[in-house]
Amino acid sequence: MNTEELRLEIISFFENIQKYYGCKTEITQGLFSDPDNLDANLTAWNLSEFELLRSAYRTNGGKFMLEGKGTYYEISGERIISFKQDGRNKFEFIEQYGETVFRITKIMFHYKY
């Protein structure tokens with residue numbers, strides 16, 4: 001996917017995210033060092049579950065944010081190198097923070113419809 005296609009896919013995701021407001025949302029996040037070999041055993045994982053209340057783009061810092069009661073999660077718009085839809089209501093972002101530092105964010109919405 002080229003840069004313009006990636007940008008348009010990400011914008012489309014966030015332009016349509018309000019349909020998931022009120023839905024249980026699972027965010028699985030992992031830190032890893034080799035994008036060509038995402039070995040689950042070599043990745044540090046975190047899981048958050050919350051009801052999605054709102055989302056926004058924070059222009060100061062270029063961050064996409066997701067918010068629920070007691071939960072605030074950001075994805076750096078400038079650092080996204082990969083975005084894909086893994087299934088119905090399942091999405092995956094990969095950000096690059098350094099030469100060998102990557103963060104994968106998997107979002108799954110328990111959508112009502």
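The residues of the chain are indexed from 1 along the displayed sequence. This is a predicted model, so every value here is computed, not measured.
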inquiry  = Quick one, E9 with K84, criterion side chain to side chain contact (heavy atoms under 4.5 Å, CB included). Give me CA distance, side-chain angles, the key distance, then yes/no.
reply    = CA-CA 8 Å; E9 291 279 332; K84 64 183 176 181; over 6 Å; no
key: Residue pair F50 / G68: nearest heavy atoms and the distance that separates them   = CD1-CA, 3.7 Å
query = Going by heavy atoms in the side chains, are T25 and L66 under 4.5 Å from each other?
reply = no
ask   = How long is the gap from NE2 on H110 to CG on L52, to the nearest 0.5 Å?
value = 12.5 Å
task = Check side-chain contact (heavy atoms from CB on, under 4.5 Å) between Q18 and all other residues, then give those that pass, not counting sequence neighbours.
result = Y21
query = Are side-chain heavy atoms of I107 and Y20 found at a separation under 4.5 Å?
reply = no
inquiry  = Are F83 and F13 an aromatic pair, judged by ring center distance below 6.0 Å?
reply    = yes
key: Residue pairs, two or more places apart or on separate chains, that pass side chain to side chain donor-acceptor pair (under 3.5 Å) and touch residues 30-45   = none
key: Joint hydrophobic cluster, I17 plus I80, side-chain heavy atoms closer than 4.5 Å   = yes
inquiry  = Can you confirm whether R54 sits close enough to M65 that some side-chain heavy atom of one is under 4.5 Å from a side-chain heavy atom of the other?
reply    = yes
Which atom pairs, one a donor and one an acceptor, fall under 3.5 Å between side chains of residues 94-101 and the rest of the protein, sequence neighbours left out?
unit_1 : atom_1 : unit_2 : atom_2 : d
E95    : OE1    : S76    : N      : 2.8
E95    : OE1    : Y97    : OH     : 2.6
E95    : OE1    : R103   : NH2    : 3.3
E95    : OE2    : R103   : NE     : 2.7
E95    : OE2    : R103   : NH2    : 2.8
Q96    : NE2    : G98    : O      : 3.1

key: Check: K106 and K90 side chains under 4.5 Å, non-hydrogen atoms   = no
query = Looking only at heavy atoms, which two atoms of Y111 and K19 are closest? And how far apart?
reply = CE1-O, 3.1 Å
remark   = dist K69:NZ -> E51:CD (nearest 0.5 Å) comes out at 10.0 Å
ask   = Mind checking whether F91 and M108 sit in one hydrophobic cluster, side chains of I, L, V, M, F, W, Y counted as touching below 4.5 Å?
value = no
task = Would you kindly confirm whether F32 and L42 end up in one hydrophobic cluster when ILVMFWY residues are joined by side chain heavy atoms under 4.5 Å apart?
result = no
ask   = Atom CZ of F64 and atom CD1 of I10: how far apart are they, to the nearest 0.5 Å?
value = 6.0 Å
query = Do I104 and F93 belong to the same hydrophobic cluster, where Ile, Leu, Val, Met, Phe, Trp and Tyr are linked whenever their side-chain heavy atoms lie under 4.5 Å apart, directly or via other members?
reply = no
task = Would you kindly say whether Y73 and T105 are connected by a side-chain donor-acceptor distance under 3.5 Å?
result = yes
query = At what distance, to the nearest 0.5 angstrom, does CD1 of I11 lie from CG of L6?
reply = 9.5 Å
